[in-house]
Amino acid sequence: MNDTNPALTLFQPEEVRRKAHMLLDLAAEGGLAHVGVDLDRLDAAVATVLETTKENYPDFQIPPYGIWRGFEAGGIDRWQAMASARGFETAEEMLAAAADLALLGIAMTTLHPSGWQYEDRMTETTVGGAQASALAAFHMFASGSFSSDMTDPYRVDAGALVSMDLIELAAGLQWDDRDDADHLKAMQRHLKRMGEALALRPDLFGEGEATRPGLLAVQLATDCNGTIDAGDVLDRILEALAPVWEGGATSGDIWLGDAFVHSALPGNDVHAIMPFHLAAQQMVYSLVEPFAWAGFEVTGLEKLTAPADLTHAVLFVKSGVLALKDSNGTLTPEAIRDRMIEIRALTIALTDKLAERLASGLGMNLDQVPFTCILEGGTDRAGNRILEQAPENLRDLGKILNPGAVFWLPFGA
C-alpha cells in the first residue's frame, strides 16, 4: 500500500498500538474524561489469565488465537471432518477453502439479536456470542450457502454474497425472519458490501472466473518464499475491505473502517483518529492456521494488537484496572464516542502490559510466549468466562462499546 498519504498510516498495526498507548498514558495521568486506570491492579488480571491458561492448557501447548476455536465449539474438530470428506487434491485448494471460511466467519461476527443461541443439531452443541456466529458461518459454508458452483459447495463466491437470499440467511443463522428482520436485512447488506468489495479487487481476490476471499491467501502463498508477513496480509485486507466496515472515520475519499475521531488526541484530521481494525486483525490471526496447514509460516504476528473488543475490555473492568468515571448528566454524542474509544484503546494497551507481566512471571520473554497464544490461552478465555458468569457486564459494557449500534461491531446491549 502506498503510504505517502498520512491517512494510510492508520492502517498500520504499529499506529494502532502507538495511539492506544498514548491514550493509556493520558489515562494514567487522569487526562481522559471518561475512563481511568489503576495499573496496581494489573497483577490481579495477570493472575486470572494465568489461572485460566493452566486450566485450559495445562501443558502450555496453546494453539493460535483465531476463529478456528469457535469452529471447534464443544471440542469437535468440524473442519477436519469437512476437509476429510471433501478430499482436497492440492494444498492450494485446501488453503483457498479454509481462508474463504476464516475470512467470511470473521466478517459475520457482528451485532446479533439479544439472547441469540445457535444450536448445532448434529453435535447437540448450543452456544452464544462469537461462537454462535462462528458455528452459523461454518454450517452455512458447509451447506454451500456461499458457493456459486453447485459442484463445489465449500467455497465463498463474491456473487453469492451479493445475491444472498433473506430466507436462506434466516434459516442459516437461526434468526426469526419477522422478529429479527432488521438484523437480517443488516446482515444481508453487510454481506452484499463484502461481495462487492471483493469484486472490485480482482487483482487480490480473483483467479480466472472466480472471485473469492480465500484467493488472497493463495496469492500471498504463491508469491512468498515459505514465510508470509502478517503486516502484509493486514495491509491487503484493509486496502480492499476497509469500506465494508462503514460508519467510522474517513479522510478525503479514503474509508478508514474501524477508526474514529477522539477529541483528546492532538492535532486534527488523521492525527485525531484512533484506529482499531478489530475484524481485519482477527482475519489475519485466523489465517495463521490455514497457511500452516498449507506449509507456510506467518511471521510478524507480534506487530498485531490485542482485539479491542468486549471480551478483553471486561477482563480489565472486572479486575479493577479499567474504571468508568461517573458522568454528570446526559453525554453528548461526541462524549459517547470518546468513551467508547477510550475503553477500546486502553484495552489494547493494557493487554500489551499484561502480556509482558505474564511472560515475565513465567520467567520468559514475549519471543518465547507468542502474543497470539496469550490471547487464546488466557485473555480471550478469561474474558469470556467473566461474561458468562456476569451477563450484566455484557449488557452495560457492550452498549457502551457500540453506542450507535453499528452492525459490524460485534457487541451491543
Side-chain angles (χ1 to χ4, degrees), residues 1-35 37 190 193-194 196-197 200-201 204 230-284 303-309 313 325 331-352 400-409:
M1 183 183 294
N2 181 358
D3 59 3
T4 57
N5 187 326
L8 297 182
T9 62
L10 296 169
F11 287 153
Q12 299 171 359
E14 294 89 348
E15 185 68 1
V16 177
R17 177 168 276 113
R18 186 184 74 82
K19 285 192 170 174
H21 281 272
M22 180 187 298
L23 287 172
L24 177 59
D25 290 342
L26 285 172
E29 298 169 357
L32 293 182
H34 308 288
V35 180
V37 294
H190 181 63
R193 287 178 64 85
M194 184 175 182
E196 291 170 342
L200 286 171
R201 294 303 304 268
L204 296 177
D232 288 344
V233 184
L234 181 63
D235 195 44
R236 301 296 189 279
I237 288 172
L238 285 172
E239 180 183 353
L241 301 184
V244 173
W245 299 294
E246 59 183 335
T250 60
S251 178
D253 59 354
I254 299 175
W255 294 66
L256 297 173
D258 188 9
F260 301 88
V261 174
H262 189 283
S263 62
L265 289 172
N268 51 36
D269 192 33
V270 300
H271 301 291
I273 296 173
M274 174 67 218
F276 298 104
H277 306 311
L278 170 62
Q281 293 200 74
Q282 287 180 320
M283 286 179 174
V284 181
K303 298 176 185 175
L304 303 183
T305 72
D309 64 2
K325 298 179 179 179
L331 295 178
T332 65
E334 181 185 69
I336 290 172
R337 184 194 63 215
D338 279 356
R339 182 175 60 178
M340 174 271 286
I341 294 167
E342 290 169 14
I343 297 170
R344 295 184 70 197
L346 267 57
T347 294
I348 290 172
L350 288 170
T351 306
D352 280 348
I400 290 170
L401 289 180
N402 192 2
V406 177
F407 181 74
W408 49 262
L409 282 173

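Taking CG of L26 as the reference point, atom NE2 of H21 lies at 13.0 Å (rounded to 0.5 Å). The CD atom of E342 sits 3.5 Å away from atom NE2 of H262, with the distance rounded to the nearest 0.5 Å. Interatomic distance, Q282 CD to L234 CG, rounded to the nearest 0.5 Å: 12.0 Å. Rounding to the nearest 0.5 angstrom, the gap separating the OG1 atom in T305 from the CG atom in L278 is 8.5 Å. Expressed to the nearest 0.5 Å, how far CD1 of I343 lies from CD1 of I348 amounts to 13.0 Å. In this structure, the separation between CG on D232 and CD1 on I237 is 11.0 Å, given to the nearest 0.5 Å.
Judged purely by atom type and a 3.5 angstrom limit, R17 uses its side chain to pair as donor or acceptor with the backbone of L304. For the pair T332 (side chain) and A335 (backbone), a donor-acceptor distance under 3.5 Å is present. For H277 (side chain) and L10 (main-chain N/O), a donor-acceptor pair under 3.5 Å exists by modelled atom type.
Nearest approach of M340 to I400, heavy atoms of both residues: CB-O, 3.5 Å. Across every non-hydrogen atom of L401 and A313, the tightest pair is CD1-CB, 4.3 Å. The minimum heavy-atom distance linking L265 with A272 is given by the pair CD1-O, 3.6 Å. Of all heavy-atom pairs spanning A197 and L241, the tightest one is CB-CD2, 3.9 Å. Closest non-hydrogen pair, A259 versus I273, comes out as CB-CG2, 3.7 Å. Of all heavy-atom pairs between A349 and A20, the closest is CB-O, 3.7 Å.
Inter-residue side-chain proximity for L24 and V37 is flagged as met; some heavy-atom pair is nearer than 4.5 Å. Side-chain contact between P275 and L256: absent, with no pair of heavy atoms (C-beta onward) separated by less than 4.5 Å. A heavy-atom distance below 4.5 Å is not found between the side chains of L409 and W245. For the pair W408/H190, a side-chain contact is recorded, criterion being any heavy-atom separation below 4.5 Å from C-beta on.
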Worksheet item: Between F276 and I341, is a side-chain contact (heavy atoms from CB on, under 4.5 Å) present by the stated rule, with each step listed?
Response: CA-CA 9 Å; F276 298 104; I341 294 167; 3.9 Å; yes
Discussion item. Let's go through R337 and V261 carefully: what are the C-alpha distance in whole Å and the side-chain angles of both, what is the deciding distance for side-chain contact (heavy atoms from CB on, under 4.5 Å) to 0.1 Å, and is it a yes or a no?
Written reply: CA-CA 8 Å; R337 184 194 63 215; V261 174; 4.3 Å; yes
Practice prompt. Start with the C-alpha distance between D338 and L32, add both sets of side-chain angles, then the distance that settles side-chain contact (heavy atoms from CB on, under 4.5 Å), and finish with yes or no.
Written response: CA-CA 9 Å; D338 279 356; L32 293 182; over 6 Å; no
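With sequence neighbours excluded, the residues that form a salt bridge (Lys or Arg N to Asp or Glu O under 4.0 Å) with D258 are R344. In this view, R193 and E246 satisfy the salt bridge (Lys or Arg N to Asp or Glu O under 4.0 Å) rule, not counting sequence neighbours. Listed by chain and number, the residues in a side-chain contact (heavy atoms from CB on, under 4.5 Å) with R18 are E15, M22 (sequence neighbours excluded).
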